[in-house]
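Index from 1, following the sequence.
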Amino acid sequence: MDVDHRAAGALIQVDVRRLERALANLIDNAETHGGGVTRLLVEGRTETVRLVVEDSGPGVPADDVDRIFERFARGSRSRRSGKHGGSGLGLALAYENIRLQGGAIWVESRPGGGARFVVELGAEFG
């Protein structure tokens, strides 16, 4: 895991179980659908901390980005191939666990390919 020096002194107030569950779902998603985790990163921002899970998979098609965190949503690649018969709840649960803590979660393309899932939470810096 890479920890940005700006994040090292950050204080975040979270429900640890909810945060652990959300991150576990993102990591499981990367392992199951994204070819495996390539990087875990903690980044410090001005008033937030970002927890990032990057994978080596094909990325998330543009058509799926807007709905990937919806309940029972399964990516178009998964639907076509019939592989990875998940329920489509993992990312929805991650979204809900982060939202309930006042945070945000989104997916973006990773430079060089793959997906980059970002969790952003409010933080205090000492």
Side-chain angles (χ1 to χ4, degrees):
M1 177 180 293
D2 295 327
V3 179
D4 177 342
H5 72 280
R6 292 169 294 196
L11 175 64
I12 59 174
Q13 293 185 1
V14 295
D15 178 327
V16 174
R17 285 195 310 223
R18 285 188 183 279
L19 181 58
E20 285 176 347
R21 177 73 343 232
L23 291 175
N25 285 348
L26 294 177
I27 291 168
D28 181 60
N29 187 72
E31 295 295 329
T32 303
H33 304 286
V37 174
T38 58
R39 186 175 183 204
L40 297 173
L41 173 65
V42 181
E43 298 176 319
R45 300 289 189 199
T46 304
E47 295 180 355
T48 63
V49 167
R50 288 186 178 173
L51 308 168
V52 180
V53 177
E54 295 181 350
D55 68 41
S56 61
V60 178
D63 293 347
D64 292 337
V65 169
D66 289 338
R67 58 182 223 74
I68 198 165
F69 294 104
E70 293 176 6
R71 288 177 184 257
F72 307 112
R74 293 179 60 215
S76 57
R77 286 187 184 103
S78 180
R79 287 192 307 272
R80 280 195 307 268
S81 70
K83 295 180 183 176
H84 312 299
S87 65
L89 287 175
L91 292 178
L93 292 171
Y95 177 88
E96 188 66 10
N97 280 316
I98 297 304
R99 185 192 66 77
L100 288 170
Q101 298 181 87
I105 183 171
W106 66 89
V107 63
E108 52 194 33
S109 294
R110 185 175 68 87
R116 184 174 200 260
F117 285 85
V118 181
V119 171
E120 187 171 65
L121 298 162
E124 295 177 20
F125 293 85

Which value, rounded to the nearest 0.5 Å, describes the distance between [X] atom [atom1] and [Y] atom [atom2]?
X: F72; Y: L91; atom1: CZ; atom2: CG; value: 13.5 Å
X: I68; Y: E70; atom1: CD1; atom2: CD; value: 10.5 Å
X: E54; Y: L40; atom1: CD; atom2: CG; value: 9.0 Å
X: T32; Y: D28; atom1: OG1; atom2: CG; value: 4.0 Å
X: I105; Y: F117; atom1: CD1; atom2: CZ; value: 7.5 Å
X: D15; Y: L19; atom1: CG; atom2: CG; value: 8.5 Å

Ion pair present between D2 and R39, side-chain N to carboxylate O less than 4.0 angstrom?
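Looking at D2 and R39, the cut-off is met.
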
Is the shortest side-chain N to carboxylate O distance from R116 to E43 below 4.0 Å?
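Salt bridge between R116 and E43, a charged N being under 4.0 Å from a carboxylate O: yes.
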
Do [X] and [Y] have side chains that approach each other closer than 4.5 Å (heavy atoms only, starting at C-beta)?
X: N25; Y: R21; result: yes
X: E31; Y: V37; result: yes
X: D4; Y: V42; result: no
X: L51; Y: L41; result: no

In terms of hydrophobic clusters joined by side-chain contacts under 4.5 Å, are [X] and [Y] together?
X: V53; Y: W106; result: no
X: I98; Y: I27; result: yes
X: M1; Y: L23; result: yes
X: V52; Y: V14; result: no
X: L100; Y: V119; result: no

Show the numbers, then the answer: is there a salt bridge (Lys or Arg N to Asp or Glu O under 4.0 Å) between E20 and R17?
CA-CA 5 Å; E20 285 176 347; R17 285 195 310 223; over 6 Å; no

Short side-chain to backbone donor-acceptor contact, [X] and [Y], under 3.5 Å:
X: S56; Y: G35; result: yes
X: E47; Y: E124; result: no
X: D55; Y: A115; result: yes
X: N97; Y: L93; result: yes

Where is the tightest heavy-atom contact between [X] and [Y], given as atom of each residue plus distance?
X: F125; Y: R6; answer: CE2-O, 3.1 Å
X: A10; Y: A123; answer: CB-CB, 4.3 Å
X: H33; Y: P58; answer: O-CD, 4.1 Å

Going through the distances and angles, do R110 and T38 end up as a side chain to side chain contact (heavy atoms under 4.5 Å, CB included)?
CA-CA 11 Å; R110 185 175 68 87; T38 58; 4.1 Å; yes

Can you confirm whether Y95 is buried at OH, in the sense that more than 12 heavy atoms of other residues, nucleotides or ligands lie under 6.0 Å from that atom?
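Not more than 12 within 6.0 Å, no.
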
